[in-house]
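Written below as structure tokens is the structure these notes are about.
One-based numbering, in listed order, for ligands and for the atoms of each. FYI, side chains are in, hydrogens and waters are out, and symmetry mates aren't considered; it's all heavy atoms of this structure.
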Amino acid sequence: MPGKAFIQVILPLRLEWEPCYALPEGIRAKVGSRVRVRFAGQEYVGAVSAVDVTPEVDESRILPVLGIAEGLPEVRPEEIRLWKAVSEYYLCSVGEVYKAAYPALKIGQEEVEARGRERLETRLERLKEKLGKARKEETRERYQAEIEAVQARLQGRPAAGTAGTITLSPAQQKAADSIRKAFAAGKTALLHGVTGSGKTEIYLQFAREALARGKSVLYLVPEIALSRQLEDRIAAFIPDVQVFHSGESATRRRQVATHVRENDGYMVLGTRSALFLPHHGLGLVIVDEEHDTSYKQDAPAPRYHGRDTAIMLALIQGAPVLLGSATPSLESLYNADTGRFVKVDLKERFHSGEEAEIRIIDTVAERRKRGLVGSLSRKLIAEIQTSLDTGGQVLVLRARRSYAPSVQCTECGHIPRCSHCHVPLSLHKQPDRLVCHYCGHTEPWTGVCPVCGGTLQPLGAGTQKVEEELRDLFPQAHIARLDSDTPDTREAGIIREFAAGETDILVGTQIITKGFDFDGLDLVAVLQADSLVGQQDFRADERAFQLLEQFRGRSGRRGQPGRLVIQTREPEHPVYARLDGGTDDNLLAERKLFGYPPYTRLVHVVLKDSNEKRLDFLSRELRNTLLSAYSGADTPPAVVGPYAPIVDRVAGESIRQIRITFPRNKALTALKRTLSTALSAFGKERRYAAHLTVDVDPV
Ligand SMILES: [Zn+2]
Ligand SMILES: [Zn+2]
């Protein structure tokens, strides 16, 4: 008589092990089967990770599997491989990755088939509207092709044959050849192309080739907004493209997962969560805007980076990776320097003329000369006037939303702070209130100092105030504002109106850079650029450069070079020199000198607790634990802290961090495993696990 069969199951929990269950007679399971099991008194749906295992504990203590989870898809072994790779790299449990990949969906009575059609009809309307407003011939042609593709899909005509042809310029062709060579050598290709150089056509060319070979394609973008813009463009060439991101309904996401599971040669356009679809037969993975920090998941675990996880996925699938950016991350430039990636440059602009001119305005000097009117210099005001006079459009960036980033008492100097987070409260208007930008806490605005009864005065200018100033200066102009205070329902409308040329000046935070492609944009102005550069974070300069470079790429209309005006207190800052044709070598050299990534690997251990005394005590204890865990290592990592981060209290919980800097060598994986083991032992012994989180490669 055969003995009992045992299996190992991945549960959607922060568990370091995969529990063992007994298979009752009559229930058959294989690796990837979804089973219902009981754990710590609760029922879960797990994924079988191993069969025919030998239990490590007494067989009588092992619980039986309750049953197969009916109606749920099986998991592919490659998916489990990816979860394990992510779990090992990001120091989280396999179960946490499983939970992210297969969230327990609440299946309501959602619209199913009708919605697909409805979506296409909405898109058709939107495209027709765009076509009506498009001014450039090439834009009109593009919309026309997209409209035909959507119409074909609505009529259920076969996908092939409706797809337009991709024509590459000689420069694009040359870049494509270099990418092909990189792929042939088994390397990841990094396409460094300025904005408007036509990277998308190259992606689509390679996507079509992979599909023609019967392979599948995953095309990642950092943000939902970008995927919405790209969907129509891609559909003109690849009508069957599947879109997957958190903004889609649960039903729609399930449909896409089913499509991927059941078809060969599919194409998915999505944000980072699309990495965890049941991929198979991938022939190409594209990561667009690879430098974008939105690729990193902050919370909950797994705190993974979309670009780096895409490379793990591609390795498992044996697919080549094509990364693209106008401003590649230092991480990727480093990988190109060391020969892991092949960098391919595409410098010629394909869609529109020359690069924007840059003008730096020194606000300290201007203030001395009385050249400032509120937040704007007279020079900038003149530039804006020139644009308006010639029918051009203007974008104004101010990195801080609110009316005033903080307020101060004119009598005693008191600055009201959030009682939960210790950060200064910002003044917002309409309605007047003080708001904490970290936890959302609000207080009514009285204008009276709570300490001495004196008068509170706004300090500095946020987007609301800049908008007010612009309205005073340009009363005839149509002005709009876009920041995270803008209601979601208005956001798309504001963008559409600006794209259609109905708005003259758009003021806002970084949100206004997200993937916009505006025909009439003539001038981009950045106010107080100092708030972008030189902050305490060593990555601030890299990010500021990327942001400004993106801005520069976006300005310019009808083949005319646009203008980028930067107001700053520090005109000599190296970031601006770099914009003016400098290289990235300085940035890399600086990172090397100070031992920052990409020359090292960072891990943040974050501790949160409402009891500050206990937090300080246990943070120090943890540091000692880590130091002794590494005492025997050949190349021990540097352990810094515990320290209070810049924002050291959020929503009533105090925060401490320990920063661990690993040498980038062969010992990295082992050293990280030591950290993982030490942390979980500490969490268990001190009953403190719920207060600890680990962030690998924080951004
Ligand atoms: Zn006061
Ligand atoms: Zn707060």
Subject >> T600 side chain to G595 backbone, donor-acceptor under 3.5 Å >> reply: yes
Original post:
Backbone N or O of L527 within a donor-acceptor pair of the R398 side chain at under 3.5 Å?
Top reply: no
Original post:
So which heavy atom on V699 is nearest to which on R539, and how close?
Top reply: CA-NH1, 4.0 Å
Subject >> N, O or S of C409 under 2.8 Å from the Zn ion (ligand 1) >> reply: yes
Original post:
Are Y98 and F276 near enough that their ring centres are under 6.0 Å apart?
Top reply: no
Original post:
Any N/O/S of H422 under 2.8 Å from the Zn ion (ligand 2)?
Top reply: no
**OP:** Examine C418 and say whether one of its N/O/S atoms is closer to the Zn ion (ligand 2) than 2.8 Å.
**Re:** yes
Original post:
With a cut-off of 2.8 Å, does any N, O or S atom of C436 fall short of it relative to the Zn ion (ligand 2)?
Top reply: yes
Original post:
Taking the Zn ion (ligand 1) as the vertex, what is the angle from SG of C412 to SG of C449, given to 10 degrees?
Top reply: 110°
Original post:
To the nearest 0.5 Å, how far apart are OG in S273 and CD in E248?
Top reply: 10.0 Å
